Structures are given as structure tokens and as C-alpha cells.
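Notes follow once the structure below has been shown.
When reading the values below, keep in mind they use all heavy atoms of this one structure, side chains included, and skip hydrogens, waters and symmetry mates. Bear in mind the structure is a predicted one, so any value in this text is a computation, not a measurement.
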Amino acid sequence: MSSRRSAGTPRITDEQINELVSKLQQLLPELRNRRRSNKASASKVLQETCNYVRSLHKEVDDLSDRLSQLLSTIDDDSPQASIIRSLLN
């Protein structure tokens, strides 16, 4: 990371970083149920965040594929086809 800062860019404090990491931890299924005393390290939270985002991308791709397959089995002019097409966009 660059050590240069723009004039007027506020410096983020360690406390703010810790608060953001804690908020991220609460969003991650793998780490959500940890007690405050058993808090994960910042690097662990960031690693799990990356893993979780990757898994969400895969899930979206899989669901998109399933919707595409479903769309290919129904009449193009049906209301169901219109709904599926709107989900794919």
C-alpha cells in the first residue's frame, strides 16, 4: 500500500479498523457465532471474507445456470419465461 495520502483525506484509526473487522466478522457464517473473547484475527476475517465472496459468486453462477436450463424447458412467451428472464438480467 502506498504511504502517500491526499491532503484532506482523513486517516483511519486502529479503532475504526477494529470496528470494521468486527462488523465483517458478524457477516460471515463461519465466524459469526464466535464470542467476543474468542475474536478472530483481522487476517482471518479478511481471508474468510474472500472465501465467502468467492462462494457467493459460485452460488450466483450455479443459480444462473439452473435458471437458464429452466428457461430452455418452458415456452418463451409464457409468464414464467418472462419472470426467469428478468431474474437473469
To the nearest 0.5 Å, atom CD of Q80 lies from atom OG1 of T73 at 10.0 Å
| query | Would L28 and N51 satisfy side-chain contact (heavy atoms from CB on, under 4.5 Å), going step by step from the backbone distance to the final call? | reply | CA-CA 10 Å; L28 300 171; N51 292 339; over 6 Å; no
Could you walk me through whether K44 and Q47 pass the side-chain contact (heavy atoms from CB on, under 4.5 Å) test, one step at a time? CA-CA 5 Å; K44 176 71 172 171; Q47 183 179 34; 4.2 Å; yes
Flag if over 12 foreign heavy atoms under 6.0 Å of CD, E30: no
Handout entry: Main-chain N/O of T13 paired to Q16 side chain as donor or acceptor, under 3.5 Å
Key = yes
### Query
Are L67 and I83 connected, step by step, through hydrophobic side chains (Ile, Leu, Val, Met, Phe, Trp, Tyr) whose heavy atoms are closer than 4.5 Å?
yes
If we ignore angles and hydrogens, is there a donor and acceptor under 3.5 Å between the side chains of S22 and E19?
no
Scanning both residues in full, the closest heavy-atom pair of I74 with A81 reads CD1-N, 3.4 Å
Side-chain atoms of residues 58-65: list all donor-acceptor pairs with protein atoms under 3.5 Å, sequence neighbours left out, distances to 0.1 Å.
{"from": "K58", "atom 1": "NZ", "to": "D62", "atom 2": "OD2", "distance (Å)": "3.0"}

#### Entry: Any side-chain heavy-atom pair of T49 and L27 under 4.5 Å
no
Taken in chain and number order and not counting sequence neighbours, the residues that satisfy side-chain contact (heavy atoms from CB on, under 4.5 Å) with L46 are L24
Residue set satisfying side-chain contact (heavy atoms from CB on, under 4.5 Å) with D75, at least two apart, ordered chain then number -> D77, S78
